[in-house]
Amino acid sequence: MQVIHWFRHGLRLHDNPSLLNAVKKCTGEDASLINVYVLDPKFDLNPNKLSENRLWFLLETLRCLDDKLRDKGSKLFVCMGNPETVIPTLVKVNKAGFLTYERQTEPHNVARDRKIKDALQNESVEVEAVLGHTLFNPDHLLKLNGGKPTLNMTGFQTLVSKAGAPKKPKETPDSLPPFPKSIQSPGVKVFDDVPSLADFKDLGFDEKNKTCVINAGEDSAIKTMEAFLKQTNRVLSFEKPQTNPTSLEPDTTALSPFMSNGSLSCRLFYWNLMDVYAGAKKHSTPPVSLEGQLLWREMSHLIGYSTPNFGQMVGNPICRQIPWKEPTEDKEAKKMLDRWENGKIGFPAVDAVMNQLTTQGWMHHLARHLAACFLTRGDLWITWEAGAAVFEKHLLDADWNINNFSWHWLSCSAFFHQFFRCYSPIAFFKKTDPHGAFIRKHVPELAKMPDKFIYEPWLAPRATQEACKCIIGKDYPNPPFDHSVALKENLGKMKEAFAANKEAKSDGGPKAKKSKKG
DNA sequence: ATCGACGTTGTTTCC
DNA sequence: GGGAAACAACGTCGA
């Protein structure tokens, strides 16, 4: 039988249940397996949606996957096109009897997979999708919780305690079935080898912008995980809020890029972590522990799966409706958004983390908080949707569920409501980086600025600016406003928005019905 | 209905 | 320098 395994995420050989399903079906003399990845020009190959760093990381992960597949007697066919047409075409012309892929739960991916299944319903192909990207089955969790997701970690922990232990990781296949010499693919571009960034120059990707330095692929993922887990004290005492956002090397595990594309299995990480916990007298606990970090990931996936329009404000039932500035309609807001994205807003801490994002494709969690709070409720009053798009474009660990979850949180649109707790672009990093080493690294213009002015260079006297070869307003921008003034104004606007939402809720909600009855 | 405790991770001031 | 309290005060949940 001809079997096709479609890799989407789950870019690994270890703990890959749907790949194992494909392998199991490959019995008999004529059985063969086509492993395929489809690059979608609308998403993966769109330079407006994906930075060079992100595309490079994806291609490099695919190259590592292909290497590993070849070691086991298989290979990866990389195609280009819309999966909604590519996959049905490949199934039909290659007369595949079995199609496997790892299930995705984001509504847009669910809709795409539904269309593909529909397109294949008259074919004699069996389609099997298996969960492999999360610890728990979201359908199971929803059922246990009366059809609704939990919206805070305490509730989620209670829910998880009823769900039973996550599955143990599956074995890695010793060998893989043979593959056809070439695959039939009318109208579909198939690359001979996994393409590189240079192959997409014509689409607008510039190799010069590939600046991130990271080893991709599942071997690196496992190596990174094992190196971290070996540091027993660090693992046992891990508390996320205590980790340092201004550390020049990641103070956290930095496993997220591997986790998001599935070159590392979250179940492997979970159970390896449990082994470390098992050998210890005591360890930190959720929500701040390493286990807690996995639970946050789980909860955001559950919410993303079960909340309509979770990627936007309008039509999203858990999202507070706030009159943000829309860069698509407001020229000044667009200008500010661009300055924010490009590290030219004039507040060194914000510019430093945004520059880290665009050059490394990664930021510490708290750095993301600072940047997100600044864009939305703290300073610029710009819609979180615009910020989420920027993060999604640049972050190697981009994950639709987690990204939207975090932007809801930081903008006080859902989950977190204490809008008077606000990050200061001047004060926040001083706690961990009083001399501004992080700023100096990521905003080189300010490298020679004295400590006294590193977070507020506009206060430096002209002579100081000249001495350190950084004239504010010329070599490095002036901030567009006084933070404390903007903050005060925004706090007032938040208060208004909260009141308006409360009113809207009681108008259409159960309270109104009650008063009608009574 | 009302109140108090709680919610992963704020800032400033004062000792 | 570290730690505690003041600052101003959100929604949600359960007693």
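Note that the coordinates shown come from a computational prediction; the quantities given were computed from them, not determined experimentally. Lettering of chains follows the sequences in order, A, B, ..., and the numbering in each one begins at 1.
Atom NZ of A/Lys495 and atom P of C/dA8 are 11 Å apart (whole Å). The distance from atom CD of A/Gln242 to atom P of C/dG3 is 11 Å, rounded to the nearest whole Å. The CD1 atom of A/Ile322 sits 14 Å away from the P atom of C/dC10 (whole-angstrom rounding). Whole-Å rounding puts the A/Arg377 CZ to C/dA8 P distance at 17 Å. The interatomic distance linking A/Phe419 (CZ) with C/dC7 (C1') rounds to 14 Å, in whole Å.
The gap from the C1' atom of C/dG14 to that of B/dA1 amounts to 13 Å, rounded to the nearest Å. Taking atom C1' in both B/dT8 and C/dA5, the straight-line distance is 22 Å, to the nearest Å. On the P atoms, C/dC7 is 22 Å away from B/dC6, given to the nearest whole Å.
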N/O to N/O distances under 3.5 Å, protein versus nucleotides 11-15 of chain C:
{"from": "C/dT12", "atom 1": "OP1", "to": "A/Lys505", "atom 2": "NZ", "distance (Å)": "3.4"}

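Sorted by first and then second residue, the side chain to side chain donor-acceptor pair (under 3.5 Å) pairs with a member in residues 272-285 of chain A form an empty list; sequence neighbours excluded. Annotation: side chain to side chain donor-acceptor pair (under 3.5 Å) contacts involving residues 344-355 of chain A, sequence neighbours excluded, comprise A/Asp351-A/Tyr476. For residues 240-274 of chain A, no pair satisfies ring-ring contact (aromatic ring centres under 6.0 Å, His included), with sequence neighbours left out.
Sorted by residue number, the list of members of residues 306-317 of chain A with any non-hydrogen atom under 4.0 Å from DNA chain B is empty. Proximity of residues 421-431 of chain A to DNA chain B (heavy atom under 4.0 angstrom from any strand atom) is restricted to A/Arg421, A/Cys422, A/Tyr423, A/Ser424, A/Ala427, A/Phe428, A/Lys431.
Between A/Glu226 and A/Lys230 there is no salt bridge, since no side-chain nitrogen of the basic residue lies less than 4.0 Å from a carboxylate oxygen of the acidic one. Comment: A/Arg8 engages A/Asp113 in a salt bridge, judged by a side-chain N to carboxylate O separation of less than 4.0 angstrom. A salt bridge is defined here as a Lys NZ or Arg NE, NH1 or NH2 lying under 4.0 Å from an Asp or Glu carboxylate O, and A/Asp330 with A/Lys325 fails to meet this definition. Checked for salt-bridge contact, A/Asp397 and A/Arg368 meet the test: a charged N lies under 4.0 Å from a carboxylate O. Using a 4.0 Å cut-off between charged nitrogen and carboxylate oxygen, A/Lys334 and A/Asp338 count as a salt-bridge pair.
The residue A/Thr154 sits close only to the backbone: its heavy atoms come under 4.0 Å of sugar-phosphate atoms, none of a base. Using a 4.0 Å heavy-atom cutoff across all strands shown, A/Phe420 reaches at least one base atom of the nucleic acid.
Considering CG of A/Leu255 and CD1 of A/Ile222, their distance stands at 11.0 Å, rounded to 0.5 Å.
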Can you give the dot-bracket line for DNA chain C, where a pair is Watson-Crick or G-U wobble with both atom distances under 3.5 Å, crossing pairs use [ ], and | marks a partner on another strand?
-> .||||||..||||||
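Put simply, chain A comes within 4.0 Å of DNA chain B, heavy atom to any atom, from B/dG7 to B/dT12, going 5' to 3'.
Around atom NZ of A/Lys441, more than 12 heavy atoms belonging to other residues, nucleotides or ligands sit under 6.0 Å away.
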Side-chain donor-acceptor contacts of residues 420-430 of chain A below 3.5 Å, not counting sequence neighbours, with atom names and distances?
{"from": "A/Tyr423", "atom 1": "OH", "to": "A/His369", "atom 2": "ND1", "distance (Å)": "2.9"}
{"from": "A/Ser424", "atom 1": "OG", "to": "A/Ile426", "atom 2": "N", "distance (Å)": "3.1"}
{"from": "A/Ser424", "atom 1": "OG", "to": "A/Ala427", "atom 2": "N", "distance (Å)": "2.9"}

Please list, one pair per line, the donor and acceptor atoms closer than 3.5 Å that link side chains of residues 158-167 of chain A to other protein atoms, with sequence neighbours excluded.
{"from": "A/Thr158", "atom 1": "OG1", "to": "A/Thr154", "atom 2": "O", "distance (Å)": "3.0"}
{"from": "A/Ser161", "atom 1": "OG", "to": "A/Thr158", "atom 2": "O", "distance (Å)": "2.5"}

Can I get a per-line list of side-chain donor-acceptor pairs under 3.5 Å for residues 481-489 of chain A, giving both atom names and the distance, sequence neighbours left out?
{"from": "A/Asp482", "atom 1": "OD1", "to": "A/Ser484", "atom 2": "N", "distance (Å)": "2.9"}
{"from": "A/Asp482", "atom 1": "OD1", "to": "A/Ser484", "atom 2": "OG", "distance (Å)": "2.7"}
{"from": "A/His483", "atom 1": "ND1", "to": "A/Asp379", "atom 2": "OD1", "distance (Å)": "3.4"}
{"from": "A/His483", "atom 1": "ND1", "to": "A/Asp379", "atom 2": "OD2", "distance (Å)": "2.6"}

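Judged by distance alone, the side chains of A/Asn401 and A/Tyr305 never bring a donor and an acceptor atom under 3.5 Å apart.
Partners of A/His108 by side chain to side chain contact (heavy atoms under 4.5 Å, CB included), not counting sequence neighbours, listed by chain and number: A/Glu106, A/Trp400.
Under the 30°/60° scheme for interplanar angles, the aromatic rings of A/Trp381 and A/Trp324 are found to be tilted.
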